[in-house]
Amino acid sequence: MAKADFDRDGDVDMIITNYKAPTHYYVNNVAKGHWLQVRLRGRENNRDGIGAIIRIRTGEDKQLRIISAGDGYASQFSRVAHFGVGENKQIDELEVSWPNGKKQLFKGIPADQMIEIDEDESQVLLVKKG
């Protein structure tokens, strides 16, 4: 099984492979609400940010994603962190903790977009607006 936003519409889809059976692709057409996708670009650490922890806060709600590799048997989850933020149109705070201990903090990020955070930069880069 692999999950990611394969069709780039802001929600998480799924692909399931089976031994000696057809592959199944499930498109998520029911998810509603706002979202944020975060892609990391490591410089001192590894280029995909594997091992980094991304935390967001929207109002009183907090979420956390860990960027990992080797998530499943014969598959790989996306290294883009996906956050569903419901009715919130903005992420109040986003913190990246890199594997070497370096931290970055960003405030007031609009929802419904994919952003890239470079380990050596102090701003986020817009990749795709939803």
Side-chain angles (χ1 to χ4, degrees):
M1 178 183 78
K3 61 181 182 176
D5 183 9
F6 294 112
D7 56 3
R8 299 281 186 227
D9 66 350
D11 54 32
V12 179
D13 308 301
M14 220 170 23
I15 292 179
I16 298 176
T17 57
N18 297 294
Y19 180 68
K20 293 187 179 183
T23 298
H24 298 285
Y25 173 46
Y26 297 94
V27 179
N28 185 347
N29 290 323
V30 295
K32 302 290 182 229
H34 299 286
W35 53 276
L36 179 71
Q37 294 177 342
V38 182
R39 183 172 68 194
L40 299 180
R41 179 66 56 209
R43 301 295 178 183
E44 297 173 30
N45 293 280
N46 58 81
R47 74 173 182 160
D48 292 323
I50 295 169
I53 300 170
I54 304 170
R55 294 177 177 90
I56 68 164
R57 183 181 61 78
T58 51
E60 297 299 315
D61 297 328
K62 297 178 182 179
Q63 296 183 53
L64 173 143
R65 299 288 181 274
I66 300 172
I67 306 302
S68 62
D71 300 295
Y73 173 74
S75 67
Q76 174 65 51
F77 293 165
S78 173
R79 292 195 183 117
V80 175
H82 183 95
F83 297 92
V85 295
E87 296 182 11
N88 296 293
K89 294 181 180 179
Q90 174 177 290
I91 289 68
D92 297 324
E93 290 183 351
L94 183 151
E95 179 186 81
V96 179
S97 298
W98 294 90
N100 66 358
K102 181 178 182 178
K103 291 188 178 186
Q104 293 171 296
L105 181 65
F106 304 96
K107 296 185 178 199
I109 298 172
D112 302 326
Q113 62 180 346
M114 178 191 282
I115 60 172
E116 182 174 275
I117 297 175
D118 189 299
E119 183 179 10
D120 290 342
E121 299 294 326
S122 60
Q123 298 179 16
V124 298
L125 171 69
L126 174 64
V127 176
K128 177 186 178 287
K129 186 86 172 144

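Here the structure is a predicted model, which is why all the values come from computation and not from measurement.
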For residues 51-63, tabulate all N or O donor-acceptor pairs below 3.5 Å that involve a side-chain atom, not counting sequence neighbours.
from	atom 1	to	atom 2	distance (Å)
R55	NH1	E95	OE1	3.4
R55	NH1	S97	OG	3.3
R57	NH1	G59	O	3.0
Q63	OE1	R65	NH2	3.0
Q63	NE2	G84	O	2.8

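V38 is connected to W98 through a chain of hydrophobic side-chain contacts under 4.5 Å among Ile, Leu, Val, Met, Phe, Trp and Tyr, so both are in one cluster. Under a hydrophobic clustering in which Ile, Leu, Val, Met, Phe, Trp and Tyr are joined whenever their side-chain heavy atoms come within less than 4.5 Å, directly or via other members, I15 and V27 fall into the same cluster. Connection of V124 to I91 is established within a shared hydrophobic cluster, with ILVMFWY side chains joined at heavy-atom distances below 4.5 Å, either directly or through further cluster members. In the hydrophobic cluster analysis, where Ile, Leu, Val, Met, Phe, Trp and Tyr join through side-chain heavy atoms closer than 4.5 angstrom, L36 is grouped apart from V80. Placement of I66 and L40 in two distinct hydrophobic clusters is found when ILVMFWY residues are connected by side-chain heavy-atom separations under 4.5 Å, directly or transitively.
The CD atom of E93 lies 12.0 Å from the CZ atom of F106; values are rounded to the nearest 0.5 Å. Note: I109 CD1 to F83 CZ = 10.0 Å, rounded to the nearest 0.5 Å. To the nearest 0.5 Å, the span separating CD on E116 from CZ on R39 amounts to 4.5 Å.
Within a 6.0 Å sphere centred on CZ of R47, other residues, nucleotides and ligands contribute 12 heavy atoms or fewer.
Among all heavy-atom pairs drawn from V12 and K3, the shortest one is CG1-CB, 3.8 Å. Contact record, A111 with V85: CB-CG2, 4.1 Å, taken as the closest heavy-atom pair. Between E119 and Q104 the shortest heavy-atom distance is O-NE2, 3.4 Å.
Evaluation of the side-chain contact (heavy atoms from CB on, under 4.5 Å) rule for D120 yields R43, E44, K102, D118 as partners, not counting sequence neighbours.
Contact of the D5 side chain with the D13 side chain is registered, since non-hydrogen atoms from C-beta on lie closer than 4.5 Å. Counting heavy atoms from C-beta on, the side chains of H24 and N18 come closer than 4.5 Å.
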TODO: Apply side-chain contact (heavy atoms from CB on, under 4.5 Å) to the pair L94 and I117, showing each step before the final yes or no.
DONE: CA-CA 11 Å; L94 183 151; I117 297 175; 3.5 Å; yes
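Using cut-offs of 30° and 60° for the angle between ring planes, the W35 and H82 rings count as parallel.
Between the side chain of N28 and the backbone N or O of V30 there is at least one donor-acceptor pair closer than 3.5 Å.
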